[in-house]
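Report on the following structure.
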Amino acid sequence: MKKFIQSSFRRELLFSFLIASVLPLIVCCLFLIQMFQVKVGRDFEKKDMELAGAVEEQLMTLFNGYEAAAETICQDPVVGQALALGNSGRKNEVYRRLYETTGGYRETAVFDLYSPDGLCLYSTGNWNYGQTLPVYWGILREAHAHPDRMAIRSSLETDGNEILQFARAVTGGTDECSGYMVVTMNEDHFAKALSGTYSGQDGICILNEFLETVYSVGTASGETVGKVLRNRFLNGERLTDVWNNNSIYISELGDTGFYSVLVRPHVFTDDTTRSMYTVLIFMAAGTFLLSIAVSAGISSHLSRPIHVIHEAMEQVQEGNLDTHVDMDRPDEFGELAENFNIMTDRISFYMEERVQREKELNETQIAMMQSQLNPHFLYNTLDTMKWVAKANHIPELATLAAKLAKILRTSISNAQFITLREEMSLVESYAEIQKIRFHGRFDFQYEINPETEKIMVPKLIVQPIVENAVIHGLADAEEGHIFVRAYSEREELVIEVSDDGCGISDEVIKRLGNRDKEQRNGHIGFYNVDTIIRLYYGKDYGLKAERLSCGGTKVTIRLPKDGAREK
Amino acid sequence: MKLESESRIRGKMKKRRKIWSACLIGVLAGAFLAGCSSQKTGMEQGPERVSEDRRLTVYTSHKPEVYTPIIKEFEERTGIWVEVVPGGTTELLERILKEGEQGPCDVVFGGGVESYEVYKELFEPYQSTQDDSIVTQYQTADHAWTAFTELPIVLIYNNKLVDENLAPDGFAELLDGTWDGHVSFADPAKSGSSCTMLETMVQVLPLNEEEVLKQFARTLDYRMASGSGDVLDEVAEGTYLVGLTLEETAKKYIDRNDALSIVYPKEGTSAVADGCAVIKGAAHEENAKLFLDFIVSADVQRLAVEKLYRRTVRSDIRPDKKEEGSLMDFDLDWAVANQETILEKWADLMGESRGGS
């Protein structure tokens with residue numbers, strides 16, 4: 001993965017952008033959402049708990065009130081007697097006491113007095129007079145079993161309504177049970193008792209010890225919450241888990257064994273949370289796209305000049321030193337381009353300088369080479385010799401001196417190029433000298449094409465070859481012939497120097513062909529001529545030596561007709 | 001030289017970066033922990049967990065007004081948490097059959113004892129501690145099930161439309177043509193008590209089986225009510241004038257709507273007994289037995305009589321008011337053996353004569 005990213009500048013850039021933008025965004029948002037949820041959740045939770053506490057308190061106040069009232073009445077001997085006797089003789093008396101003790105609670109409950117057989121004899125309500133409750137069953141049975149305290153039961157009425165009942169045995173101060181006091185709360189009573197404690201989105205329900213619903217209102221109405229809690233309890237799950245986007249608060253109602261449950265809407269419904277996360281995802285996606293766009297933009301902004309310079313460098317590598325980068329950017333890339341241009345200019349300049357110097361060197365070398373052939377003093381001396389010879393009537397000496405002088409004259413002169421005709425006359429002079437030396441042991445002839453006569457050639461290129469022929473070719477011959485021929489062939493001037501001597505050996509051919517300075521010993525002429533021709537005309541021209549089939553040697557000189565390559 | 005310093009710079013930057021990112025992560029982690037740690041606290045946990053030995057699952061076909069007070073009292077007295085699964089008798093018994101011995105049901109409560117006889121294999125035989133107090137009629141030899149209450153079959157009529165003197169006095173009158181087309185009767189294929197009514201008529205009337213069924217079908221004009229509850233509505237609303245139902249249902253109905261009156265057939269009538277049984281392989285067998293004992297205990301039986309309009313199966317409880325009607329000796333075994341054939345014959349009679357309704 002790392003390699004993948006690092007292999008491209010673009011990808012590195014993109015990745016860095018992503019890390020710098022998307023990641024912090026996500027982290028911040030998650031963090032904020034979490035914190036927000038926690039903070040607000042806590043605040044609301046506190047309020048909810050207060051509310052739950054208020055509900056609990058409200059109910060407990062009533063229950064305690066009932067208990068207090070019941071205790072008073074149940075201990076009252078007058079009430080005890082009246083119930084035991086079952087007559088209504090002291091009806092008003094009983095009612096007075098009943099109403100006194102239950103003052104303030106009759107809004108939220110009905111207070112009844114039952115005979116020991118379970119017949120309702122007195123009631124603060126409308127419906128219960130004359131009703132019976134089984135004494136062997138339910139609440140009266142329990143009240144009878146524990147005459148010193150209140151029994152609490154919820155039950156289902158025949159009309160389908162749940163009621164909550166408190167009962168206490170009436171003892172009238174004695175040890176006998178002479179009846180029962182029953183406090184009944186139905187749905188309306190609960191509504192009144194709890195009014196003002198909750199709002200429209202809340203729900204309250206009251207459950208007995210077996211988590212069966214006694215009363216429910218608001219969002220908890222119906223037996224749903226009770227059933228849910230009972231199921232959770234029986235399955236061992238947590239009771240206070242969120243239900244239907246609501247929070248559940250359970251509080252015990254004193255020591256009655258009953259519970260009041262408050263259902264409050266959860267602050268953060270699934271919808272809210274989901275929409276928060278959706279927003280986060282969209283923002284992250286947007287930032288992601290922005291990162292890509294920006295990184296693409298910047299990377300191309302940066303990579304284009306690099307690309308341009310890169311290409312220019314490739315051009316320079318191929319030898320194109322005229323390459324120039326046109327970039328008028330104000331930033332570092334512009335500077336880079338400018339520096340590049342300066343650099344190539346310098347390189348170009350140095351290259352030219354070098355070439356120039358080499359040329360100069362070559363020319364100097366050539367000049368030096370040629371000066372090997374040119375002592376001025378010799379020329380003057382020869383001139384004197386000629387005159388002395390003439391004065392002393394020695395014609396051969398005069399010829400030798402004159403010819404030698406002629407040769408030297410040409411050699412000394414500054415002109416680097418002479419016509420072929422002039423060169424051949426020089427060669428002829430040389431041949432004369434050698435004829436005298438060798439007592440006519442050889443013959444020299446030449447034939448040049450009239451059209452080639454005026455062609456300019458470097459001076460002293462034929463003479464050394466002829467010299468070679470004389471020294472090496474005809475070295476042991478009694479009689480030899482040297483023949484020079486010059487003609488034009490297409491664009492070239494061809495000069496052939498042939499002799500019928502012993503023929504050049506392969507070894508020598510090879511050495512000459514080698515063009516290596518070290519090997520010249522004795523063949524300096526050949527080498528020099530070859531070098532000069534190459535220097536002037538390039539490596540395509542020069543000398544070639546071959547052995548003739550009929551015996552002898554032929555050296556061919558090739559030059560371009562149109563003269564030396566202009567510097 | 002240049003390259004060297006660059007790598008050193010890189011090294012320094014890396015270190016700095018590491019320190020920064022460590023700090024950042026630390027801060028974030030701390031914040032997260034602080035945030036997450038505040039789960040719901042301060043919530044009272046509510047009641048303690050219930051152990052297995054204080055639980056019971058009851059499948060019941062009784063109505064809520066019947067089973068709720070009984071089960072509530074049982075819970076209060078024993079502290080056992082009861083889970084109630086309501087449903088129809090056959091439906092529940094089939095379900096118990098399907099769920100097998102590993103099923104959740106511990107006790108089945110309610111439904112005619114004829115059905116219990118058919119599904120006897122599902123039950124764990126148990127002789128209730130109260131067995132001696134139960135009338136001999138319902139003391140079974142194998143104790144596969146225990147009777148809870150008995151509900152006599154009665155005739156009802158609409159007392160606004162039918163004069164008291166002209167009201168039917170027994171089963172025979174239902175067949176003699178007087179009331180053709182005016183009788184409401186629930187489909188015995190769907191209602192166990194309806195089936196018992198047919199069997200009762202067959203047993204109590206002097207006619208043979210085919211005759212009884214044929215004549216009764218004719219009386220009904222080959223039409224039946226869809227459910228036993230509909231019978232009372234149909235008679236009370238005047239759609240039909242006479243109906244066959246159970247005493248309990250009728251008495252309960254009359255409390256709300258006095259358009260109905262009850263007639264106890266002069267030939268004598270049978271009572272549909274409903275039962276209760278412990279399931280074989282019950283997870284809470286002990287509690288199931290406690291429940292069974294409870295429902296035939298004196299208190300519950302008394303409540304059934306006084307508040308639930310039922311008749312007790314206990315011999316030692318005599319209701320305050322004298323019970324009306326004479327109960328015949330209903331041959332339960334015969335009824336169980338012939339139930340299927342009777343239903344088939346009845347379906348034939350009803351089906352062929354309906355002719356595409």
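So that the names make sense, note that chain A is the first sequence line, chain B the second, and so on, each numbered from 1.
In this structure, chain B has a heavy atom under 4.5 Å from the side chain of A:E212, while its backbone stays farther away. Residue contact with chain A, scored on non-hydrogen atoms closer than 4.5 Å, involves the side chain of B:K307 exclusively. Looking at B:R256, neither its backbone nor its side chain comes within 4.5 Å of chain A, counting heavy atoms on both sides.
Dense packing is recorded around CD of A:Q58, with more than 12 heavy atoms of other residues, nucleotides or ligands lying under 6.0 Å away. Counted within 6.0 Å of CE on A:M343, heavy atoms from surrounding residues, nucleotides or ligands total more than 12; the atom is thus considered enclosed. More than 12 heavy atoms of other residues, nucleotides or ligands lie within 6.0 Å of CD in A:Q131, so this atom counts as buried by the packing criterion. Residue B:K63 qualifies as open at atom NZ: its count of foreign heavy atoms under 6.0 Å is 12 or below.
For residues 66-73 of chain B, a heavy-atom distance under 4.5 Å to chain A picks out B:T68, B:P69, B:I70, B:K72, B:E73, given by residue number. For residues 132-139 of chain A, the interface with chain B (any heavy-atom pair closer than 4.5 Å) comprises A:T132, A:P134, A:Y136, A:W137, A:G138, sorted by residue number.
Nearest heavy atoms, B:I80 versus A:F210: O-CE2, 3.7 Å.
Atom OG of residue A:S154 and atom CD of residue B:E76 lie 6.5 Å apart, to the nearest 0.5 angstrom.
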Practice task
Tell me, with the steps shown, if A:L234 and B:E83 meet side chain to side chain contact (heavy atoms under 4.5 Å, CB included).
Solution key: CA-CA 9 Å; A:L234 287 175; B:E83 280 184 79; 3.5 Å; yes
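A salt bridge links B:E75 to A:R230: one of the charged nitrogens lies within less than 4.0 Å of a carboxylate oxygen.
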